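Input: a single structure, listed below in structure tokens.
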Number of protein chains: 2
Amino acid sequence: MTEYPLDGTGSVPAADIATAWDRELPGVATSSIGVITPLWRVAKALADERRRTLHRLGVDPATLDLLSTLRRAGEPWTLTTRELAERCLVTAGAISQRVARAERDGLVTRTPSPVSRRAVAVTPTDRGHEVVERTVRGLLAHEEALVADLTAGERRALGDLLERLAGSVRNAGEPG
Amino acid sequence: MTEYPLDGTGSVPAADIATAWDRELPGVATSSIGVITPLWRVAKALADERRRTLHRLGVDPATLDLLSTLRRAGEPWTLTTRELAERCLVTAGAISQRVARAERDGLVTRTPSPVSRRAVAVTPTDRGHEVVERTVRGLLAHEEALVADLTAGERRALGDLLERLAGSVRNAGEPG
DNA sequence: TCCTGTATGTTTAGATCTAAACGTAGACCC
DNA sequence: GGGTCTACGTTTAGATCTAAACATACAGGA
């Protein structure tokens with residue numbers, strides 16, 4: 001059987017983690033734990049679910065992220081390496097490797113950009129488009145089910161709070 | 001300069017992603033995007049911040065996760081490989097590798113468990129405890145700053161919604 | 001006692017990422 | 001024209017993870 005952590009959400013409540021730190025390192029700042037621990041756990045659970053779902057569908061998350069980003073860009077579905085790095089939130093080096101793998105598998109082509117001679121334009125092949133069309137509906141339908149217990153209002157509230165948190169992280173992270 | 005994605009939060013609003021999918025694959029289910037996209041971005045921003053903060057402090061996230069989990073367990077700060085896998089939310093194979101690296105660096109010891117001959121007990125060395133004591137305060141202080149823009153009420157609301165989402169993911173993920 | 005199944009760890013192959021070092025290509029300025 | 005700076009990509013080293021194959025150690029039943 002597949003080896004896997006027994007409890008994908010973590011068996012230790014976040015509050016107990018704060019308590020334990022206060023016992024082990026008295027006076028330590030613990031108020032971020034109530035947010036960051038559940039956030040981290042949910043993100044991991046979602047990432048694991050996505051990986052397994054995509055494995056069933058015959059793609060891997062990195063390649064689908066690449067193909068999806070190109071497809072979402074709209075016709076003619078072409079972006080440079082730099083644009084892909086920005087939108088996929090990974091380094092240019094990671095994009096270079098993703099594109100190399102996808103090109104090897106016949107899913108994208110790499111051509112000199114018409115705009116600038118140093119830029120590289122990446123575009124899905126027909127097979128690349130087929131992969132997107134075959135998998136994205138199934139993936140999004142599955143993820144719809146994962147958030148199904150939350151009402152529309154709760155989802156909106158959660159999305160808004162997460163965007164506020166993103167702003168907070170951006171504020172505090174950049175200067176330091 | 002260090003190479004890095006230009007905008008750690010993603011420049012494309014989540015709503016635009018849903019719009020783009022509806023244009024490219026008409027009728028696709030997009031209502032999960034408003035939750036999962038910002039969640040994913042914040043989690044990545046926090047992970048990146050943590051990695052850089054710990055790099056400054058001279059540890060790596062995987063090793064500190066291991067040492068922290070042992071320390072939080074309380075005296076005598078000993079857990080088996082299996083317990084570590086459950087609490088760290090990674091596979092037993094990953095724990096085996098983390099422990100091997102930490103043991104090589106003199107941060108933990110691996111001894112036969114007194115309970116069962118097939119179990120392995122992992123415990124921090126003095127140096128391992130020093131690393132925890134030296135870094136965890138700084139890390140938690142930094143993460144306190146990252147969530148500082150949210151009020152206490154917003155943090156509680158966010159934590160609660162995330163735990164509800166975790167339950168939803170667990171419900172939908174296990175049967176399938 | 002022996003057999004079988006389950007639990008616990010380790011190892012390995014392959015994918016992936018970051019960080020940093022490179023190598024060019026344009027741009028700007030004198 | 002030549003020098004310098006910045007932008008764009010690629011490559012490489014090293015860390016990390018999952019999944020799957022192994023290797024034991026127990027436990028329970030016949």
Side-chain angles (χ1 to χ4, degrees), chain A residues 1-6 8 43-45 47-56 58-66 79-86 88-105 107-108 110-122, chain B residues 1-6 8 40 43-45 47-56 58-66 79-86 88-105 108 110-122:
Chain A
M1 186 181 35
T2 294
E3 177 184 30
Y4 214 74
L6 299 185
K44 169 141 178 65
D48 288 348
E49 277 291 329
R50 178 173 285 193
R51 180 164 22 78
R52 286 180 289 212
T53 301
L54 291 182
H55 184 73
R56 283 197 294 274
V59 233
D60 61 85
T63 301
L64 190 61
D65 187 33
L66 175 71
L79 293 171
T80 67
T81 294
R82 171 60 58 180
E83 290 168 329
L84 283 166
E86 289 170 21
C88 293
L89 302 182
V90 296
T91 60
I95 290 295
S96 191
Q97 295 172 64
R98 284 184 180 186
V99 171
R101 287 191 295 268
E103 189 178 41
R104 177 201 67 195
D105 297 343
L107 299 172
V108 301
R110 209 172 349 187
T111 58
S113 164
V115 181
S116 160
R117 209 177 324 173
R118 68 189 147 169
V120 173
V122 181
Chain B
M1 186 179 35
T2 294
E3 178 183 29
Y4 213 73
L6 300 184
W40 188 246
K44 168 140 178 66
D48 288 348
E49 277 292 329
R50 178 173 286 194
R51 180 164 21 77
R52 285 181 289 212
T53 302
L54 292 182
H55 184 73
R56 282 197 294 274
V59 232
D60 62 84
T63 300
L64 189 62
D65 188 33
L66 176 71
L79 294 172
T80 66
T81 294
R82 172 60 58 180
E83 290 168 327
L84 283 166
E86 289 170 21
C88 293
L89 301 182
V90 296
T91 60
I95 290 295
S96 191
Q97 295 173 64
R98 284 184 181 186
V99 170
R101 286 191 295 268
E103 190 179 41
R104 178 200 66 195
D105 297 342
V108 301
R110 208 173 351 187
T111 58
S113 164
V115 181
S116 159
R117 210 179 322 172
R118 67 189 147 167
V120 173
V122 181

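Please read all numbers here as calculations on a predicted model, not as lab measurements. When reading the values below, keep in mind they use all heavy atoms of this one structure, side chains included, and skip hydrogens, waters and symmetry mates.
Summarising the geometry of B/A119 relative to B/T80, their closest heavy-atom pair is CB-CG2, 4.2 Å, with the distance given to 0.1 Å. Residues A/V108 and A/V99 come closest through the heavy atom pair CG2-O, 4.0 Å.
We find that CG of A/D105 is positioned 9 Å from P of C/dT16, with the value rounded to whole Å. In this structure, A/K44 atom NZ and D/dT16 atom P are separated by 15 Å, rounded to whole Å. Taking atom CH2 of residue B/W40 and atom C1' of nucleotide C/dC17, one finds them 12 Å apart after rounding to whole Å. Between the CZ atom of B/R101 and the P atom of C/dT11 there is a distance of 13 Å, rounded to whole Å. Between A/L54 atom CG and D/dT18 atom P there is a gap of 16 Å when expressed in whole angstrom units. Per the geometry, CD belonging to A/E103 stands 9 Å off P belonging to D/dT10, to the nearest Å. Atom CG of B/L84 and atom P of C/dG9 are 9 Å apart (whole Å). We find that CG of B/L79 is positioned 14 Å from P of C/dT8, with the value rounded to whole Å.
Qualifying salt bridge (charged side-chain N to carboxylate O under 4.0 Å, His left out) partners for A/R110, counting only residues two or more places apart in sequence or in other chains: A/E103. The side chain to side chain donor-acceptor pair (under 3.5 Å) check on B/T81 picks up nothing, with sequence neighbours excluded.
In this model, the phosphate group of D/dC17 is approached by a side-chain N or O of B/R98 to a distance below 4.0 Å at OP1 or OP2. Residue A/R51 has no polar side-chain atom (N or O) positioned under 4.0 Å from OP1 or OP2 of C/dT16. Contact annotation: A/R82 does not reach the phosphate of D/dA7 (side-chain N/O to OP1 or OP2, under 4.0 Å). At D/dT18, one or more side-chain N or O atoms of B/T91 fall inside 4.0 Å of OP1 or OP2 (strictly under the cut-off).
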So which protein nitrogen or oxygen atoms get under 3.5 Å of nucleotides 24-28 of chain D's nitrogens or oxygens?
unit_1: D/dA25; atom_1: N3; unit_2: B/R118; atom_2: NH1; d: 3.4
unit_1: D/dC26; atom_1: OP1; unit_2: B/R117; atom_2: N; d: 2.5
unit_1: D/dC26; atom_1: OP1; unit_2: B/R118; atom_2: N; d: 3.4
unit_1: D/dC26; atom_1: OP2; unit_2: B/R117; atom_2: NE; d: 3.4

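With rounding to the nearest 0.5 angstrom, the CG atom of B/D60 is 7.0 Å from the CZ atom of B/R101. Here OG1 of A/T53 is found 11.0 Å from CG of A/L64. Values are rounded to the nearest 0.5 Å.
Residue-to-nucleotide proximity on DNA chain C shows that, of B/T81 and B/Q97, the 5′-proximal contact is made by B/T81. Of the two residues contacting DNA chain D, namely B/I95 and A/T80, the nearest-nucleotide position lying further toward the 5' end is that of A/T80. Take the nearest nucleotide of DNA chain C for A/P61 and for B/H55: the residue whose nucleotide is more 5' is A/P61.
Within the nucleic acid shown, B/A94 comes within 4.0 Å of at least one base atom, counting heavy atoms only.
A/R98 has its side chain within reach of A/V90: a pair of non-hydrogen atoms, C-beta onward, lies under 4.5 Å apart.
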